[in-house]
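Remember, it's 1-based here, ligands and their atoms both numbered in the order they're listed. If you read the sequence from its start, that first residue is 1, and numbering goes on from there.
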Amino acid sequence: MTEPVAQPVFFVVDEDSSAVEMLAGDLERRFEADFQVIGETSAQAALERLDALRESGQQVALVICYESMRAMAGAEFLARSRSIHPNAKRILLVDFGDRRMLEVIANGMALGHVEYYLTKPWRPRQYWLYPVVGEALAAWTRLHSPGFALVRIVGDRSDRHSFAVRDGLERNNVPYAFYDRGSPEGAELLQRLDQVPDNPVLFLADGRVLTSYTRADIAAAVGAQVRPRHSAYDLVVVGGGPAGLSAAVYGASEGLSTLVLESTAIGGQAGTSSRIRNFLGFPAGISGGELADRAYEQAWMLGAEFVLMNGASGLSASGDGLQVTLSGGGQVAARAVVLATGVSYRQLDAPGLAGLVGVGVFYGSALSEAPLVKDQDVFIVGAGNSAGQTAIYLARWALSVTLLVRGDSLAKTMSNYLVNEIEATPGVRVRLHTEVAAARGDDRLTALVLRDWATGRDETVSAAALFVMIGATPHTDWLPDDVARDQHGFILTGHDLPGKDRAATGQPVPLPLETSLSGVFAAGDVHAGSVQRVASAVGEGSAAIPQVHQHLQRQAKTQRAVRG
Ligand SMILES: Cc1cc2nc3c(=O)[nH]c(=O)nc-3n(C[C@H](O)[C@H](O)[C@H](O)COP(=O)(O)OP(=O)(O)OC[C@H]3O[C@@H](n4cnc5c(N)ncnc54)[C@H](O)[C@@H]3O)c2cc1C
């Protein structure tokens, strides 16, 4: 056993010893008060050292590895280091201006092995080195060294209920610590109770103990606002994902009193994404949680009010305005409402799949992951047009693309032109009456077990990626019939509305993002025809605000006309 070292480690690997020395020196100059820097010049020795550090219980915060090593490529080293220290942030060091590295970085990022990259030379270090390392370190610290726990949870790690509590706190950025019931800390905390419940118990920093609770109770206990402060607002935004956050930033910054209602966690689906790589301005990507935190803080600083764990459960027109009913009881009045409630992707249930989401298993088309599939065998579950389009697109890169279809024909669910195109595209094949029975892989997807319903036979196939495209369900079942939706429940707006010319009925012509209920707008994934991307959700959230102003001006004009 190696003697444990006190501080978390920065691990630097490069076969060039002078580069290791210089990089280690530059890192120590800035970070040595809190971290220890270890350098290695042999990939094999470095892997052994990482193993030894794990054995000794030593935390590794960062692994930085040079790509062009003779014995092992840097990206390969980072992939292997990931299985030894999965929590360490992984940075690839590449030569400045070497364009071949673009593909290496893109591939590594798509697979999740590379999280950041640095260039060699990295000086001036204040410009090239420290910002990247600082960002990686902030992400590591947030997850693995929070320092202070507002809540200590005692429960069973594998229990779903305990996962839900942790996930809720994590996604809402609440610092917490988790202890298994059997651990010394967990047992010590539980001893304080007369009766120990089956569900996880929450011990708050101020001494309160929650043994039986709802999500809203937890939110209130950690100081989140769970009720609106006022009875009326200019604008109520329903949903705190990218579209809702963007509407909040623009609404509040343009002088509208703005309330955001969020039923689960700020960030929506984007908040669950480990790395969003196609959002403008973040070349190395940004974690969805961090993007959401930044947007939340921005909206809050501009004056938007947030109510968490208390979503909207009803909406109605009332006089000139609107009333939004809250799921936790009560109502709030609004002059305009932006619906940004997003969707949930339908989940595929098969052993092994859940743990590989983001590392080979993707929900939705995830076209930004195309580099991942270069010369690889990939699979798509789904039989709709989006699955067909994705298959044709990926065929440009992949060795083979296989569409897995439960039914006995593609033609029932996919447009004819796409079926023809699939038949004509080399490398794309279709397996009918087939489903995924299991997924295999340790730190990334490597194989799938496919079950043929017709023969009952299972077959294991090697697979680099699986795209699950079995549809998304919009969060709109709580809305009144006055808000028109398409046959799948997505909200229709503007020109897509049936009987769009409301002028004929004396109603104003709907604005582009306005729904069939005057003053109610839709933005983001919940909007019919949305492209279901972070950037488009953000775009629609912001675009809704000028239309809210137009609606309010229109309304004021009507009121003046009625009075005068
Ligand atoms: C795992 C994953 C990875 C992704 N990666 C990428 C990526 O890399 N790049 C990219 O462009 N896109 C990505 N996407 C898609 C992207 O996240 C979505 O397009 C985007 O989040 C849509 O934003 P939205 O605000 O419209 O909806 P959502 O993000 O779905 O947010 C809707 C919010 O509304 C809340 N809500 C729902 N009903 C109510 C109610 N009644 N009252 C109050 N609140 C309510 C929900 O809790 C949720 O927080 C990814 C999606 C997933 C699931």
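In the model, His230 has no side-chain atom that pairs as donor or acceptor with a side-chain atom of Ser257 under 3.5 Å. Between the side chains of Gln547 and Glu514, no donor-acceptor pair of N or O atoms lies under 3.5 Å.
For atom 40 (C) of ligand 1, the nearest non-hydrogen atom from the set Gly268, Ala312, Ala270, Ala537 comes from Ala312. When the heavy atoms of Glu540, Gln269, Arg533 are ranked by distance to atom 29 (O) of ligand 1, first place goes to Gln269.
Between Tyr345 and ligand 1, no pair of N/O atoms sits closer than 3.5 Å. Polar contact with ligand 1: present for Ala243 (N/O pair, distance under 3.5 Å).
In this view, Glu435 and Arg406 satisfy the salt bridge (charged side-chain N to carboxylate O under 4.0 Å, His left out) rule, not counting sequence neighbours. Applying the side chain to side chain contact (heavy atoms under 4.5 Å, CB included) test to Ala391 and every residue at least two apart in sequence or in another chain returns Ile380, Val401, Leu403, Val428.
Which parts of ligand 1 touch Ala265 is read off a 4.0 Å heavy-atom cut-off, strictly below it: atoms 49 (O). With ligand atoms numbered from 1 in the order given, ligand 1 contributes 40 (C), 42 (N), 43 (C) to contacts under 4.0 Å with heavy atoms of Val238. Heavy-atom proximity to Ala340, at under 4.0 Å, picks out these atoms of ligand 1: 32 (C), 33 (C), 34 (O). For ligand 1 and Thr264, the ligand atoms under 4.0 Å from any heavy atom of the residue are 47 (O). Listed by number with element, the atoms of ligand 1 under 4.0 angstrom from any heavy atom of Gly311 are 42 (N), 43 (C). With ligand atoms numbered from 1 in the order given, ligand 1 contributes 43 (C), 44 (N) to contacts under 4.0 Å with heavy atoms of Leu261. Counting the atoms of ligand 1 from 1 in the order shown, those under 4.0 Å from a heavy atom of Gln532 are 15 (C), 19 (O). Which parts of ligand 1 touch Trp478 is read off a 4.0 Å heavy-atom cut-off, strictly below it: atoms 41 (N).
If you look at Tyr296 and Phe306, their ring centroids are closer than 6.0 Å.
Heavy atoms of other residues, nucleotides or ligands lying less than 6.0 angstrom from CD of Gln347 number more than 12. The environment of CG in Asp442 is sparse: at most 12 heavy-atom neighbours from other residues, nucleotides or ligands sit within 6.0 Å. In the displayed structure, Tyr233 atom OH is contacted under 6.0 Å by more than 12 heavy atoms of other residues, nucleotides or ligands. No more than 12 heavy atoms of other residues, nucleotides or ligands sit less than 6.0 Å from atom CG of Asp349.
Using a 4.0 Å cut-off between heavy atoms, Val534 contacts ligand 1 through both its backbone and its side chain. Under 4.0 Å from ligand 1, not a single heavy atom of Phe279 appears. Looking at Ser313 against ligand 1, nothing comes within 4.0 Å, counting heavy atoms. Under 4.0 Å from ligand 1, the heavy atoms of Val343 that appear belong solely to its backbone.
Ligand 1 is never approached by Ser344 to a heavy-atom distance shorter than 4.0 Å. Within the 4.0 Å heavy-atom shell around ligand 1 one does not find Val526.
Electrostatic pairing of Glu135 and Lys89 does not count as a salt bridge here, judged by no charged N lying under 4.0 Å from a carboxylate O.
Side-chain contact check for Arg90 versus Val114: every heavy-atom pair is 4.5 Å or farther apart.
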